[in-house]
Amino acid sequence: MVLNPLKIIAPIRLDPFGFRFRLSQFQKLDYTNRWRKAISKNHTMNRTCSILLALLAISTLCACGKSEVQYYEIPKETRAVANADGLPPGHPPTGSLGPGITWNTPEGWVEGGSQQGARASFHIHQDENHLPGDVVVLDFPPHVAQIEDFTRLLSDQLELQVDAGQTEPGEIEIFTAGDNEYSVIRLTSEKALIDGEHKKSILAAILRKPDRIWLVNLTGAESVVVEENERFFEFLRSIEFKTEDIPAASAGNMADQSLPSGSVSNADNPDWVVPDSWEPGRVSNMRRGSFQVRGDNGLMVDIAVTSFPGDVGGMLANINRWRGQIGLGPITAGMVNSVVGELEINGKSCKIVDIVGTDPPSGKILPQRSLVGTFSHEGNSWFFKMSGDASLVEVQEQTFMDFLNSVRF
Amino acid sequence: MKVIRSLLKILTSVQLTVALLALSLALIFFGTLDQVYIGIRGAQKEYFESFLAFWQYPQQWWLGRSLSWLHLPVPGGYLIGPLLIVNLTLAHFRYFRPSWKKAGIAMIHAGVVLLLISQLMTNILQEESALWIEEGGSANYMESYYQNELVIIDKSNPAHDGVVSIPTKLLERQQSFQHPKLPFRIRVESYFPNSALLQQTEGGALPSSATNKGLAVEMKLVPEERPETTKQNEKNAPSAIVELIGTDGSLGVWLASVWLGDELPAQTFQDSGRIFEIALRVKREYLPFSVELIDFTHDRYPGTEIPKNFSSKVTLKNPDTGEDRQALIYMNHPLRYAGLTFFQASFTPDDKASMLQVVRNPGWLIPYISCTLVSIGLLFQFGYHLIRFSRGRKS
């Protein structure tokens with residue numbers, strides 16, 4: 001009998017998904033062993049496909065509800081910051097710290113791991129045998145701090161007891177790179193602050209320019225700072241400033257920008273009128289409203305509207321928390337009445353607390369002030385809080401009060 | 001044997017196919033009705049991710065008060081879907097005979113089965129998160145829509161933070177956690193999937209909290225359980241009371257809650273010479289790359305406030321691969337990268353920040369393949385019969 005290949009090949013080609021073969025079609029034919037093998041192979045395919053399908057279903061179901069304890073490592077600051085000029089379209093290319101300033105990255109330094117307020121940051125991790133280190137570049141308005149202030153801030157990081165006024169001039173080296181004269185500070189902790197085994201060191205260079213103060217800061221284990229010493233100065237030498245382009249605005253303010261993926265309910269917000277001069281502020285999980293005001297020379301005020309169930313520990317606890325945030329110590333219950341004022345706003349009682357800091361708290365250059373209006377509504381406490389550099393809070397005080405007066409539950 | 005045969009007969013019957021398709025319609029109908037009251041997520045969970053659902057006559061409807069006792073059982077998605085797969089597959093093996101004539105039908109069946117499997121895979125494996133970015137800023141982690149995590153952050157290393165993340169799902173069913181990266185054990189005293197924080201007052205009705213460390217003590221806070229919500233405009237706010245037990249004894253009983261957010265100081269403590277932070281927050285997933293928002297555009301039709309287009313111009317930076325490229329994300333034009341799909345999802349009222357919905361769906365390609373299969377199958381089947389018909393007429 002003559003074999004008609006089409007009659008046999010067609011079903012094979014039509015069976016890409018492992019369909020069952022109709023044996024009768026072949027049984028009518030005088031097929032050879034070759035075709036028998038083909039049929040057998042197809043049955044194997046059927047079985048293989050079925051097994052694969054079953055495995056797929058089982059593995060899919062096994063993955064159902066997968067949740068387990070995880071461990072991962074993240075840079076100290078995980079949110080990047082905006083450029084000082086806040087103009088993304090002109091975002092500086094790699095190799096630039098912002099408009100008007102360029103540098104060469106030393107070997108072994110990796111750009112990234114942005115830090116709040118930093119103009120640039122680098123991570124140093126030569127290899128597994130070496131401890132890591134970090135370099136950040138920050139800038140400040142010219143009037144906000146003296147060298148001694150930086151010494152004190154850096155000492156705080158190393159848990160060193162150094163008063164600003166007691167800094168020995170001999171501790172500050174002068175390093176000249178072109179027209180730039182840096183004041184260099186070297187500090188090492190007394191305790192083993194890193195993993196409980198290594199002392200922590202800081203090598204900082206401060207450059208005072210007419211319109212900005214620049215701080216370049218290398219932090220890491222003592223051995224890392226010693227090893228990176230030459231590269232650090234090489235980096236300083238490579239920095240070039242073009243003063244005419246340097247923006248007057250302060251560094252970015254975009255850290256901690258996690259917008260709400262939904263607060264418990266947004267339906268109950270009271271009405272308020274936002275002053276025209278206020279910009280939208282940083283957003284976070286707990287804020288019902290967020291605004292900011294930028295002043296001259298990098299001054300900044302943040303306005304936050306938050307709501308919590310209950311009275312969040314009572315007025316004394318709240319006042320002491322706010323005092324702590326601007327570097328003041330707690331007060332006693334007997335003093336609460338003397339620091340709390342009361343207003344009636346649109347039929348609601350509003351308690352006003354005004355706290356003025358005396359010294360800049362850790363991490364701040366200027367004394368801070370907080371002005372808070374609190375409402376109690378349907379079992380929730382509403383806080384309208386303006387805080388920031390004291391001088392700008394004073395300027396914004398009346399605007400904030402107008403804002404408070406517009407709140408209507 | 002007889003039983004198996006009759007069972008196979010039922011499972012391969014076309015009546016079962018029709019019945020299952022009709023029940024699918026009923027499922028969608030009742031699920032949609034209930035979605036008004038329990039939200040999309042609730043409806044999905046109750047109706048489509050269950051074997052059996054019960055639809056209750058809504059109280060808001062006419063005669064609702066007297067008819068609200070009525071609970072109608074509706075077969076759930078997990079019952080109808082697999083049954084349909086089994087029915088179609090077995091029917092195929094029972095009835096199908098390979099020939100050119102029926103090749104189209106085979107492809108249509110394969111496409112439908114593949115579509116059902118892909119839906120199951122999507123349902124189980126798909127993860128959705130939100131990535132918020134402000135203009136000029138960048139982000140390297142995304143936040144889950146519904147999941148939360150208890151985190152212990154080791155802040156001792158100057159270069160990086162070590163994060164031990166425990167999904168809150170585990171807090172519901174596990175009492176104790178010991179992780180090799182932590183020198184202490186975590187014991188879960190109580191967990192509240194949704195909660196409010198109330199003030200504890202002297203002589204007040206609230207029970208005294210078991211906490212003895214952290215913000216709960218400083219602020220006299222007591223968590224109170226609230227019913228869980230699945231509504232679209234609401235979100236659960238979980239809280240947990242946990243005790244940390246070191247080698248030298250207890251490190252305190254702490255309250256961790258999503259209420260204790262960025263506005264409050266971090267809860268930190270020391271153990272074995274290391275500094276740790278404890279928090280309960282929206283679950284984060286860090287990315288090995290960052291997405292920077294260059295510009296967010298919200299176009300409106302001229303002279304109106306009616307939205308015309310939303311788009312985010314972003315720069316994607318991957319330090320591992322050296323990638324630094326721009327992409328425009330807008331409606332129906334997502335960015336696909338590293339197994340993730342970034343959709344334009346939301347934005348702030350001032351148009352200064354954009355939210356990208358980030359979806360990880362390992363089976364995203366399967367629906368495309370199945371639809372292609374069904375389309376080719378339909379074309380083939382109708383085309384084949386058309387040609388045969390026209391040939392028959394000619395002859």
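As the structure is a prediction and not an experimental result, all values here were calculated from the model. Labels below follow one simple rule: chain letters A, B, ... track the order of the sequence lines, proteins then strands, and each chain is numbered from 1.
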Closest contact, heavy atoms only, Tyr72(A) versus Glu149(B): OH-OE2, 4.0 Å
Taking every non-hydrogen atom, the tightest pair across Ile74(A) and His160(B): O-CB, 3.0 Å
Between CG on residue Leu182(B) and OH on residue Tyr71(A), distance to nearest 0.5 Å: 8.5 Å
Stepwise side chain to side chain contact (heavy atoms under 4.5 Å, CB included) check, Gln70(A) with Glu285(B): CA-CA 11 Å; Gln70(A) 291 178 319; Glu285(B) 185 181 338; over 6 Å; no
Exceeds 12 heavy-atom contacts within 6.0 angstrom, atom NZ of Lys283(B): yes
